Amino acid sequence: MNCTFCGKQAVYVRPYDKIALCKQHFNEQVKKRVQKTLTRYKMLKRSDRIAIGVSGGKDSIALLHILNKIEEDFPESELVAITIDEGIEDYREEGLFFARKHVEELKLEHHIFSFKNDFGYNLDEILKILGDRGKEREFGACSYCGILRRKILNKATKDIGADVLVTAHNLEDEVETILLNIIRGDIQRLARLDPHPRKIHESLVPRVKPFRATPQAEIVLYCVLNDLEYQEIPCPYSAEAYRGDVREFVFKTQEKQPMLSFNILRGQDKLLEIMKTTQLKGTLKNCENCGEATSGKICKACWVKTQLENY
Ligand SMILES: [Zn+2]
Ligand SMILES: [Zn+2]
């Protein structure tokens, strides 16, 4: 198969539009899609200090390199990396290693925050205290981890004086989140899944996902073709995730319907357009404990803390 653009040997054929790409054109297309996503949703401003969350996995490593390239054209803006150490034995160390390696290579500022320092407990400790899922513990490990990671990433972004937080969620991640919100009937949260950077509460920094239209397969290939090393082993707690079922559905169905994820993503964007006309009123309040955004009385991070303290 030859590259659709230049006729050279192709390294990849996109299943959703049958376009064949050589290495050079593959790289170009991946970067172009990120640029398009940034522009379409006005994700970044010219003089932004941009914080990117780098875990050391394929998504964040690939996005770090691509954004760093794009940034070269915007000298007034600045890219800085944040890594969160959740405290997961036999796992996080390796991710930290790859995160450090790439951030150093690109000569960027790197800020490392940890659950232990910012919350008082690391993830292993939290799960040990709360016991096994299904017996003593109500939610999966990823729920607790996600709640705290979101909170600490938000605080970290403010602490280092950044204007916006970039995360490397890819197309399928985004589609899973959309589907999960629909499955749970959580329309408020679905409405908050707006790709535009928005200040939905005074305590929350705007978050953007420049990879939201980039399929996972292309990210993996981008890393492989460009010799970007990343952490490949999955988190030891990932088996507990409820997300897994939806994830399996997305990837399985996608084999037969390559446009599936793009269609869902486009559907979400259209839905948001319609929702904009129906005013979503004051859905977020201040946490009674820490003052940060919450839809209830106290935020989820404070709720986890109460649980831990009651044990
Ligand atoms: Zn080509
Ligand atoms: Zn709180």
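One-based numbering, in listed order, for ligands and for the atoms of each. Computed from a predicted model, the values in this text were never measured in an experiment.
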Ring centers of F98, Y230 separated by less than 6.0 Å: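 They do not qualify: ring centres at least 6.0 Å apart.
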For H25, the N, O or S atom at the shortest distance from the Zn ion (ligand 1) is ND1
Geometry at the Zn ion (ligand 1) - C3 SG versus C22 SG angle, rounded to 10 degrees: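 About 110° at the Zn ion (ligand 1).
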Ring of Y41, cation from R212 - is the NZ or CZ under 6.0 Å from the centre and inside 45° of the axis?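 Judged by the rule (NZ or CZ under 6.0 Å from the ring centre, within 45° of its axis), R212 counts as positioned above Y41.
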May I ask you to check if K305 and F119 form a cation-pi contact, with NZ or CZ under 6.0 angstrom from the six-membered ring centre and within 45° of the axis?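 That pair qualifies as a cation-pi contact.
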Can you check the angle at the Zn ion (ligand 2) formed by SG of C287 and SG of C299? Round it to the nearest 10°. 120°
Side-chain contact, heavy-atom cut-off 4.5 Å: D85 with F113? no
